[in-house]
Amino acid sequence: MNPAPVDPEQISRVLDPFGSSLTFPADVYLSEDVLAWERQHLWQSTWNCVGRLDELVTPGQLRAIDVGGEGVLLSRDADGALRAFSNVCRHRGHEL
């Protein structure tokens, strides 16, 4: 995994023992580079919990969500199976 675009000194201060540790400075939370790294290495490289089974109980229920900047459409099909799809219209390329 590529190192995060954060100064190693900032990371080491966050990992100091409780009582002497510091939070990241605001620029880490606002950085487009950090966000891009997180999307690639955290959101798009592993499984993600996107909800609870009890949120889509009835066949035909739909729920549109955002997972790391990508639209996902969750649905419960007629047989009761839970499905997830890329939330993009194949014809127009627009979110459903």
For this session: Quick one: which residue pairs count as a side-chain hydrogen bond (donor to acceptor under 3.5 Å, both in side chains) with a foot in residues 57-68, not counting sequence neighbours?
Result: Glu55-Arg63
Problem set entry | Hydrophobic cluster (4.5 angstrom, side-chain heavy atoms) - remaining members for Val14 | Val6, Ile11, Leu15, Phe24, Val28, Tyr29, Val34
Seminar exercise, completed: By side-chain contact (heavy atoms from CB on, under 4.5 Å), Ala36 pairs with (sequence neighbours left out) none
Seminar exercise, completed: For residues 3-15, the salt bridge (Lys or Arg N to Asp or Glu O under 4.0 Å) pairs (sequence neighbours left out) are none
For this session: Supply the atom-to-atom distance Ile65 CD1 to Leu74 CG, rounded to the nearest 0.5 angstrom.
Result: 4.0 Å
Exercise. So, for Leu82 and Leu53, which heavy atoms are closest and what is the spacing to 0.1 Å?
Worked result: CD2-CD2, 3.5 Å
Seminar exercise, completed: Taken to the nearest 0.5 Å, the spacing of Leu30 CG from Leu35 CG works out to 10.5 Å
Exercise. Applying side-chain hydrogen bond (donor to acceptor under 3.5 Å, both in side chains), which residue pairs with at least one partner in residues 70-83 are found, sequence neighbours left out?
Worked result: Asp77-Arg83
Exercise. Which pairs count as salt bridge (Lys or Arg N to Asp or Glu O under 4.0 Å) when at least one residue sits in residues 14-39, sequence neighbours excluded?
Worked result: none
